[in-house]
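Taking it in order: structure first as structure tokens, then the write-up.
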Amino acid sequence: MKRNLPLILVSCTLLLGTCFSSCQEAEQSTEQPPNILFCIADDQSFPHAGAYGCDWVKTPAFDRVAREGLLFTRAYTPNAKCAPSRSCILTGRNSWQLEAAANHVPYFPEKFETYAEALQKQGYFVGHTAKGWAPGNPGEIDGKRRELLGPAFNQLKTTPPARFISNIDYAANFETFLEARAEGQPFCFWYGSTEPHRAYEFRAGVEKGGKSLTDIDQVFGFWPDNDSVRYDMLDYAFEIEYFDQHLERMLKMLEDQGLLENTLVVVTADNGMPFPRIKGMEYELSNHLPLAIMWPQGIEKPGRVVDDFVSFTDFAPTFLDVAGVKEPTMQPMEGESLLPVFENLSDACGREFMVIGKERHDMGRPDDQGYPIRGLVTKEFLYLRNYHPERWPSGNPETGYMNCDGSPTKSWVLNNRRANGESWFWEMNFGKRPAEELYQLSNDPECLRNLAAKPDYQEIKAQLAEQMEAELKAEGDPRMFGQGDRFEDYPYAEAATRNFYNRFMAGEKVRAGWINATDIETEKLD
């Protein structure tokens, strides 16, 4: 079985010249290094794109990238929350290998270099628009705020089609970025939409997107199938489509300027949809994400579907590999280059499993405690180990379950329990969980039936637990060596919300803008 060994970049087919601004005097390669356009939606689950057969989310640009490149069916983030997921992308390392950056809203460790910083040293023109690495504090270099993805291009604005959609004109700012680079200089750009992150304008999907409640073919089993939830899902779809529209404009720009042929375009999302039991959790729909990649000049036999596992830690080594960086200045990476997949030499690195996990996400527990999880995903099973099952997985009820965004779906589930008492939906979405969970993904992808205590599954559970721990030990996970508490010692980077629970319970008027006031439970729950 092949482990995710640190990558040694030795098989590069492209050679990057030294400094492109003085390329007349430098030794040059015979081939131009590819441009890189990385496009990341904010909170979009697999399989919500047309290329996966989803009819109620229209994504023609994503579908084009998949059709003219590769469509991946098993792409996973190691940690299903914005900042830690993006940290894995930038560094090529799993979150438990990133010290403070394992957490949400951290101080980004100075010791870890990002792929954008590495490519910039090699002569690439780098930049981003809208949401880059966030939320958190990237630190400073020489007294200036560190630019983990290069400078921001956010000056140009537009009129968004609904409330809460960003007014940043992503595509227009990408065009400004292209105009700012030196002629012939390869670029690396991060398109970081803030959609479909909440909040949403309620019923925008129907009233502005022309959608119908009957468009949705399936409501996940852990939510009620009612109009409130369906409206919420269509509003989410409306925002994915907005992300896709800007992607479509960017592809056309590249095509019109003759740049698309040698541009590696990657389209994905950072974590699952911002709904209960998905975003911020570690279930199948939390970590399993859409991914399509095109590179007309560099992908052999486009149109292929890749069913093997791909990790978000693979992006950074892939970008350095295709750029021809033989001696990266970055830290050792856990991910592996996808270049062999592009060249049709192998499937995606031969992975047979993915290790996932989390530490501290949003606040809402006493003393800023986290909810540590580790898990292992195979094509057949998902095994999860909850290290503090006595804690509330989505945050404490008395502070509003703060690791779950406020929404119509969340409100329905909470209000249903308040009105009717014991609630299966509440238990599934917000209740406490056992120390171990086991789901058979082949017939239960929504993770509704926990098999961990079933006699017939004890052997497979033990095998998966042993495999997970062996992998995490090999990767140096502090939690495997009795040092997991260190993740809770790292402070939140935002002083305004640090020690939130204790301050809130003491009567201080502290507020978190991503939950609703009605999310807060006024009665004590066990």
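Hydrogens, waters and symmetry mates play no part in the numbers below; they use all other heavy atoms, side chains included.
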dist Leu37:CG -> Tyr191:OH (nearest 0.5 Å) comes out at 9.5 Å
In terms of heavy-atom contacts, does CD of Gln458 have more than 12 from other residues, nucleotides or ligands at under 6.0 Å? yes
Report the relative orientation of the aromatic rings in Phe504 and Phe500; use parallel for angles under 30°, tilted for 30 to 60°, perpendicular for over 60°. parallel
Can you tell me if Thr194 and Asp42 form a side-chain donor-acceptor pair at under 3.5 Å? no
Short side-chain donor-acceptor distance under 3.5 Å, Asn415 and Ser411: no
State which residue, out of Phe243, Tyr236, Phe62, fulfils the ring-ring contact (aromatic ring centres under 6.0 Å, His included) condition with His48. Tyr236
Examine Arg351 relative to Phe353 and say whether NZ or CZ is less than 6.0 Å from the centre of the six-membered ring and inside a 45° cone about the ring axis. no
Gap separating the NZ atom of Lys131 from the CG atom of Leu149, nearest 0.5 angstrom: 12.5 Å
As an exercise, state the distance from OH of Tyr170 to NE2 of His128, rounded to the nearest 0.5 Å. 12.0 Å
Exactly one of Lys358, His104, Arg360 should register a side-chain contact (heavy atoms from CB on, under 4.5 Å) with Asn403. Which one does? Lys358
Aromatic plane relationship, Phe319 with Tyr115 - under 30° parallel, 30 to 60° tilted, over 60° perpendicular: perpendicular
Any idea how Phe38 and Trp190 line up, ring-wise: parallel (<30°), tilted (30 to 60°), or perpendicular (>60°)? tilted
Residues Thr214 and Ser212: side-chain donor-acceptor under 3.5 angstrom: yes
Backbone of Ser87 reached by a side-chain donor or acceptor of Arg93 within 3.5 Å: no
Indicate whether the side chain of Glu488 and that of Gln369 have a donor and an acceptor atom separated by less than 3.5 Å. no
Going by atom types only, do Asn79 and His361 share a side-chain donor-acceptor pair under 3.5 Å? yes
With sequence neighbours left out, write down each residue that passes salt bridge (charged side-chain N to carboxylate O under 4.0 Å, His left out) with Glu282, or none if nothing qualifies. none
Any donor-acceptor N/O pair, Asn271 side chain to Cys82 backbone, under 3.5 Å: yes
Checking Arg417 side chain against Trp426 main chain: does a donor-acceptor pair fall under 3.5 Å? no
Could you tell me which residues satisfy salt bridge (charged side-chain N to carboxylate O under 4.0 Å, His left out) with Glu427, sequence neighbours excluded, listed by chain and number? none
Please set out all donor-acceptor pairs under 3.5 angstrom arising from side-chain atoms of residues 429-437, sequence neighbours excluded.
unit_1 : atom_1 : unit_2 : atom_2 : d
Asn429 : ND2    : Phe222 : O      : 2.8
Asn429 : ND2    : Phe425 : O      : 2.7
Lys432 : NZ     : Glu390 : O      : 3.0
Arg433 : NE     : Tyr283 : OH     : 3.3
Glu436 : OE1    : Lys461 : NZ     : 3.1
Glu436 : OE2    : Tyr383 : OH     : 2.5
Glu437 : OE1    : Tyr283 : OH     : 2.7
Glu437 : OE1    : Tyr439 : OH     : 2.5
Glu437 : OE2    : Tyr283 : OH     : 3.4
Glu437 : OE2    : Asn386 : ND2    : 2.8

Scan residues 43-61 for pairs that pass salt bridge (Lys or Arg N to Asp or Glu O under 4.0 Å), counting only residues two or more places apart or in two chains. Asp43-Lys279
Exercise: identify the closest heavy-atom pair between Ala66 and Ala51: CB-CB, 4.0 Å
Specify the closest pair of heavy atoms between Tyr501 and Glu398, including all atoms of both residues, with the distance to one decimal. OH-OE2, 2.5 Å
Is a donor on one side and an acceptor on the other found under 3.5 Å between the side chain of Thr318 and the backbone of Ser337? no
Enumerate the residue pairs fulfilling salt bridge (Lys or Arg N to Asp or Glu O under 4.0 Å) with a member in residues 225-240, sequence neighbours excluded, ordered by first and then second residue. Arg198-Asp232, Asp225-Arg230
Report the distance from atom CG of Asp444 to atom CG of Leu438, rounding to the nearest 0.5 Å. 10.0 Å
Can you pull out every salt bridge (Lys or Arg N to Asp or Glu O under 4.0 Å) where at least one residue sits in residues 97-108? Sequence neighbours excluded, please. Glu99-Lys111
Gln440 vs Leu451, side-chain contact (heavy atoms from CB on, under 4.5 Å): CA-CA, chis, key distance, verdict: CA-CA 8 Å; Gln440 191 163 9; Leu451 306 174; 3.9 Å; yes
Should Arg74 and Asp308 count as an ion pair when the cut-off is N to O under 4.0 Å? no
Any donor-acceptor N/O pair, Thr91 side chain to Thr114 backbone, under 3.5 Å: no
Among side-chain atoms of Ser85 and Asp270, is any donor-acceptor pair under 3.5 angstrom? no
What verdict does the side-chain contact (heavy atoms from CB on, under 4.5 Å) test give for Ile240 and Asp244, after you've listed the backbone C-alpha separation in whole Å, the side-chain angles of each residue and the deciding distance to 0.1 Å? CA-CA 6 Å; Ile240 293 175; Asp244 196 75; 5.5 Å; no
Side chains of Arg374 and Leu472, heavy atoms from C-beta outward: is any pair under 4.5 Å? yes
Please evaluate residues Thr409 and Ser407 with respect to the criterion side chain to side chain donor-acceptor pair (under 3.5 Å), reporting the C-alpha separation (whole Å), side-chain torsions for both, the decisive distance (0.1 Å), and the verdict. CA-CA 5 Å; Thr409 302; Ser407 68; 4.6 Å; no
side-chain contact (heavy atoms from CB on, under 4.5 Å), that's the test. Do Arg64 and Thr59 meet it? Break it down for me. CA-CA 9 Å; Arg64 177 189 176 183; Thr59 55; over 6 Å; no
Basic-acidic side-chain contact under 4.0 Å: Glu469, Arg479: no
Report yes if some heavy atom in the side chain of Ser45 is under 4.5 Å from a heavy atom in the side chain of His288; otherwise report no. no
Are the side chains of Asp519 and Cys404 in touch, meaning some heavy atoms are under 4.5 Å apart? no
Looking only at the side chains, is there a donor atom on one of Glu359 and Trp96 sitting less than 3.5 Å from an acceptor on the other? no
Residue pair Asp367, Asn502: steps toward the side chain to side chain donor-acceptor pair (under 3.5 Å) verdict: CA-CA 7 Å; Asp367 304 318; Asn502 296 350; 2.9 Å; yes
So, Glu195 and Ser193: side-chain donor and acceptor under 3.5 Å apart, yes or no? yes
So, Lys81 versus Asn103: side-chain donor-acceptor pair below 3.5 Å or not? no
With a 3.5 Å cut-off and no angle check, do the side chains of Gln218 and Glu446 form a donor-acceptor pair? yes
Evaluate the ring planes of Phe202 and Tyr231, with Trp represented by its six-membered ring, and classify them as parallel (under 30°), tilted (30 to 60°) or perpendicular (over 60°). perpendicular
Between Glu475 and Asn94, does the side chain to side chain donor-acceptor pair (under 3.5 Å) criterion hold? Intermediate values first, please. CA-CA 9 Å; Glu475 294 181 12; Asn94 285 313; 2.9 Å; yes
Start with the C-alpha distance between Tyr52 and Leu71, add both sets of side-chain angles, then the distance that settles side-chain contact (heavy atoms from CB on, under 4.5 Å), and finish with yes or no. CA-CA 9 Å; Tyr52 294 115; Leu71 179 66; 3.5 Å; yes
Is it true that a side-chain atom of Arg391 and a backbone atom of Arg365 form a donor plus acceptor pair closer than 3.5 Å? no
Minimum-distance pair of heavy atoms, taken over all atoms of Ile165 and Pro161: CD1-CG, 3.8 Å
